[in-house]
Amino acid sequence: MPTITLPDSSTRSFEGTTTPYEIAQGISEGLAACAIGARINGELTDVHTTISEDAELKIVTARKGEKESDPDALLLIRHSCAHVMAEAIQRIRPEAKLVYGPALDSGFYYDIAFQEDNPLSSDEFEAIEQEMKTIIKEDRPFTRYELSLEEGMKKLDSEGSKYKIDNAQRAKENGSTSLTWYATGTPNEHWEDLCRGPHVPSTGNIGAFKLQTIASSYWHGDADSDRLTRVYGIAFVHKKQLKNHLKLLEEAKKRDHRIIGKKLGLFHIDEMVGQGLLLWTPNGAVIRQELQNFIAEQLRRQQYSQVFTPHIGKLDLYRTSGHYPYYQESQYPPLIDPDQLHTLAQEGCSCGDLANMMKDGDIEGYLLKPMNCPHHIRIFAQGQHSYRDLPIRLAEFGTVYRWEQSGEISGMTRVRGFTQDDAHLFCTEEQVEREIIGCLELVNIIFDTLGMHDFTVRVGLRDADSDKYVGDPANWDKAEAACRTAAGTLGIPWIEEQGEAAFYGPKIDFIVNDVIGRPWQLGTIQVDYNLPERFDLSYVGKDGNQHRPVMIHRAPFGSMERFIGVLIEHFAGAFPTWLAPDQVRVLAISEKSNDYADKVHLTLLDKDIRATIDKSDERIQAKIRNAAEMKIPWILVVGPRDAQGNNVSVRMRGIMDDLGAVCLDTFAEALSQEITTRGKSSALNACFPDIKIPEDA
RNA sequence: GCCACCGUAGCUCAGUGGUAGAGCGCAUCCUUGGUAAGGAUGAGGUCACGGGUUCAAAUCCCGUCGGCGGCUCCA
């Protein structure tokens, strides 16, 4: 006699067994009508799943008309929609072999194997969607049935799909004692799929859907295995939600840093220069310079020492550090003395021989640096260090080059040459925790100043089962403990992840999502016991003996390229005044006011404000629009009226109306304040105390 | 690196085997206008690059480079 506890803590008891559907019916017919699934003791299930023991139950409902649906409802609908899509595709393409079709937070996909000479094209989406609509309209029930492992395997063997047989094998390895199928309708009569479920009660529960894109994937994610076609789609409870979602995607697209970057002239990637090699155009360079100034200021406060190091170094440096040859495949090929190459060629040296000689150190060459640490280490290694000198903090905006896979390169977020806001701290073991906390403080100041609050903190630990990690396990334990303690001081939630450590030590990463939901690792703090060892670094301790320092690698932005790419999306191109390439645009009403406009312009420039002037013979309406399109935070309209009172008429980005006139000097001073305080002081408040910034500005 | 799609004017894009198109931007002229696009005229393209098929290729085929969406990677 199971007792069911509902989310409101009320309980109900039943004779024999029951189902979520029956319980919903018992509460109200309305609830039963929109129940599409359940969570029984936290596990997502069908609405008709049998309950025979005491359980906590939540009914998952899909009500038409609600703005947002229960995430569980969307999971159910999307997974079921993946089935409907698979059925539709197999009707149109009977040769298609199904592999795996899960629901995602952002939709669903189905991996399908097509014949190599006849791939699926997105031109067929319309036909597939039509077929899906028919299936949904037929409102056929999702019917679950179960076979024993033996019977199930027999059935799959007779059907002969190696992918489904493989899925079943995996279920078996994971401890399943039976296999389940879901038929859309009646088993043996209608289409069915090996599937663990759960599903909505019937195809009619899928209110709205759309096929989105076609991509490729590998079977088991293995590049050497079969290539599959992945069809992505999205589904919702009702049409309005779908429409909203598509609109949101449109909006997100407009925030894409690649589009905004082009429009605002922030950066350019040139075919002729090379894939993944970013050219910072003047407007983008301003943003980068401002950020670098900002961070350099913070570093001075934290007593860092600025250094500069070259872009290349001898191969031997990287043999010692271990970067070469272990990460050879992600480096640009080494540079070798042309005379030496010539001689080797004459001696009949093959490319393979050459690679081996470079690896073994038989010939020397230079490498474009993949990391800054070896150079910084060699700076530390100059001369002796007392424990009294530690910690030594060496900082550099260091540009590094990595041979990223061509298919991975994208916009500013994944490039082959990038500048890290890098620093290496050399300290004693006792100082590690305090230094990590210092790094975290820095990250906090940066994220806070920029208003970036939506990030994840991940403490990356070693995976006990893996042998890829170097160094003494006792050191690892200490370093991991230091990372945990330091992360605990952050005051925000953080997660631990096994196997996410660098090979030389644990780390703390900061992860931010871009507009299309892709996560990007930005800042990172890494504890390293390995490189000091490899380079035989030492300091003289209190006891007069040589000791090994610990190194901390840290880059709060990660790379200027990736960080600014994400920042462009964060601000949708509307940078706060202190970062905006053009801070003020002065617009003369007509030629008659050009002289006064010049005066306004010069007054601003004198205050170190980045101001431009528009003296074109457009009408004021057009000038305003042009300045607004470039997301310039402040527009000053000046005409004879303003000239007379030594005023400027002010417009602020995000506010549709003219704010009114204010004295030129008052405005220039207030804006200068806002800029030097990086937004802590507000020019709007200073000049127009009665005006409030709208929420969505 | 792999798979699919794509590459036409500075930008966004139309053009599917028969003389290269639009809007925006740009230039010149008119307009001197008080708060989100004033008007006219004009310039601008070896249709990414290389090869092939064809009487004829932006268009069809192959290769290269680049972009995009995934997969796989990311010290």
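Labels below follow one simple rule: chain letters A, B, ... track the order of the sequence lines, proteins then strands, and each chain is numbered from 1. In what follows, every heavy atom counts, from backbone to side chain, and hydrogens, waters and symmetry copies are set aside.
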Handout entry: Nearest-angstrom distance from the residue atom CG of Asp657(A) to C1' of G34(B)
Key = 14 Å
Problem - Residue whose closest nucleotide on RNA chain B lies nearer the 5' end, Glu629(A) versus His220(A) - result: Glu629(A)
Practice task
Quote, to the nearest angstrom, the P distance that separates A48(B) from A57(B).
Solution key: 15 Å
Practice task
Please name the pair of heavy atoms, one in Cys373(A) and one in Leu531(A), separated by the smallest distance, quoted to 0.1 Å.
Solution key: SG-CD1, 4.0 Å
Handout entry: Pair partner, C13(B) [Watson-Crick or wobble, under 3.5 Å]
Key = G21(B)
Exercise for the section: Could you check how far CG of Asp422(A) sits from P of A75(B), rounded to whole Å? Expected result: 15 Å
Problem - Nearest-Å distance for atom pair CG/C1', residues Leu264(A) and U12(B) - result: 16 Å
Practice task
Assess whether one donor atom and one acceptor atom, taken from the side chain of Thr229(A) and the base of A4(B), lie less than 3.5 Å apart.
Solution key: no
Problem - Side chain Gln621(A) and base U35(B) donor-acceptor under 3.5 Å - result: no
Problem - Any Arg258(A) side-chain nitrogen or oxygen under 4.0 Å from OP1 or OP2 of G69(B) - result: yes
Practice task
With heavy atoms under 4.0 Å as the rule, sort Asp617(A) into base, sugar-phosphate or nothing.
Solution key: base
Handout entry: Under the side chain to side chain donor-acceptor pair (under 3.5 Å) test, residues paired with Arg619(A) that sit two or more places apart
Key = none
Exercise for the section: Provide the full list of side-chain hydrogen bond (donor to acceptor under 3.5 Å, both in side chains) pairs with a residue in residues 262-275 of chain A, sequence neighbours left out, each pair given once. Expected result: His268(A)-Asp270(A)
Problem - Short side-chain N/O contact to G1(B) OP1/OP2 from Ser406(A), under 4.0 Å - result: yes
Exercise for the section: Check if the side chain of Ser649(A) and the base of G34(B) share a donor-acceptor pair of N or O atoms closer than 3.5 Å. Expected result: yes
Handout entry: Mate of U35(B) where both pairing distances stay under 3.5 Å, Watson-Crick or G-U
Key = none
Practice task
Look at all strands and tell whether Tyr504(A) reaches a base, only sugar-phosphate, or nothing, counting heavy atoms closer than 4.0 Å.
Solution key: sugar-phosphate
Practice task
Look at the side chain of Tyr109(A) and the base of G69(B), then say whether one donor and one acceptor between them are separated by less than 3.5 Å.
Solution key: no
Practice task
Return the value, rounded to whole Å, for the distance between atom NE2 of His257(A) and atom C1' of C68(B).
Solution key: 13 Å
Practice task
Ignoring backbone atoms, test whether Arg230(A) places a side-chain nitrogen or oxygen under 4.0 Å from the OP1 or OP2 oxygen of C71(B).
Solution key: yes
Practice task
Classify the nucleic acid contact of Gln275(A) as base, sugar-phosphate or nothing, counting any heavy atom under 4.0 Å across all strands shown.
Solution key: sugar-phosphate
Exercise for the section: Would you mind classifying the nucleic acid contact of Gly221(A) as base, sugar-phosphate or nothing, using non-hydrogen atoms under 4.0 angstrom? Expected result: sugar-phosphate
Problem - Donor-acceptor pair under 3.5 Å, Ser216(A) side chain vs G70(B) base - result: yes
Completion exercise
Here the distance between atom P of C74(B) and atom CZ of Arg458(A), to the nearest Å, is 12 Å
Handout entry: is_close_aromatic(Phe380(A), His424(A)), centroid dist under 6.0 Å
Key = no
Practice task
Between A36(B) and G18(B), how far apart are the P atoms? Round to whole Å, please.
Solution key: 47 Å
Completion exercise
For Asn594(A) and Ala588(A), the nearest pair of non-hydrogen atoms, with its separation, is OD1-CB, 3.4 Å
Exercise for the section: Could you check which nucleotide pairs with C26(B) in any of the strands shown, counting Watson-Crick or G-U wobble with both distances under 3.5 Å? Expected result: G42(B)
Exercise for the section: Write down the distance separating the P atoms in A56(B) and A14(B), rounded off to the nearest Å. Expected result: 29 Å
Problem - Pairwise P distance, G42(B) and C24(B) [rounded to whole Å] - result: 15 Å
Exercise for the section: For Ile269(A) and A48(B), give me the distance from atom CD1 to atom C1', rounded to whole Å. Expected result: 17 Å
Problem - Protein-nucleotide distance (Arg641(A), atom CZ; U35(B), atom C1'), rounded to Å - result: 10 Å
Handout entry: Pair of N/O donor and acceptor under 3.5 Å linking C3(B) base with Tyr218(A) side chain
Key = no
Handout entry: C1'-based separation of C26(B) from G17(B) [nearest Å]
Key = 34 Å
Practice task
Would you state whether a donor and an acceptor, one from the side chain of Arg625(A) and one from the base of A36(B), lie under 3.5 Å apart?
Solution key: no
Problem - Pair Phe267(A) + Trp280(A): ring centers closer than 6.0 Å - result: no
Practice task
Please state how far atom CG in Leu277(A) lies from atom C1' in C65(B), giving the value in whole angstrom units.
Solution key: 14 Å
Handout entry: Carboxylate-amine/guanidinium contact Arg554(A) Asp422(A), below 4.0 Å
Key = no
Fill in the blank from the handout: Paired to C65(B) by Watson-Crick or G-U wobble criteria (both distances under 3.5 Å) is G7(B)
Exercise for the section: Identify which nucleotide among G70(B), A75(B), G34(B) has an atom closest to any side-chain atom of Asp642(A), counting heavy atoms from C-beta outward. Expected result: G34(B)
Fill in the blank from the handout: The Watson-Crick or G-U wobble partner of U59(B), with both key distances under 3.5 Å, is none
Practice task
Examine A36(B): is either OP1 or OP2 under 4.0 Å from a nitrogen or oxygen in the side chain of Arg651(A)? Give yes or no.
Solution key: yes
Problem - Proximity of Phe426(A) and His376(A) rings by center, below 6.0 Å - result: no
Handout entry: Nearest-Å distance once atom C1' is located in both U54(B) and U59(B)
Key = 13 Å
Exercise for the section: Determine the Euclidean distance between corresponding C1' atoms of C2(B) and C68(B); express it in Å to zero decimal places. Expected result: 15 Å
Practice task
Check every strand shown and say whether Ala622(A) touches a base, only sugar-phosphate, or nothing at a heavy-atom separation below 4.0 Å.
Solution key: sugar-phosphate
Practice task
Verify whether one side chain among Gln521(A) and Asp509(A) offers a donor that lies under 3.5 Å from an acceptor in the other.
Solution key: yes
Practice task
Using the P atom on both, measure C60(B) against C47(B) and round to a whole Å.
Solution key: 15 Å
Handout entry: Distance-only donor-acceptor test, Asp658(A) side-chain atoms vs G34(B) base atoms, 3.5 Å
Key = no
Problem - Base-pairing assignment for C73(B) (Watson-Crick or G-U wobble, both under 3.5 Å) - result: none
Practice task
Identify, between Lys262(A) and Gln526(A), the residue whose nearest nucleotide on RNA chain B lies closer to the 5' end.
Solution key: Lys262(A)
Exercise for the section: Kindly say whether, by distance alone, the side chain of Arg402(A) makes a donor-acceptor pair under 3.5 Å with the base of C73(B)? Expected result: no
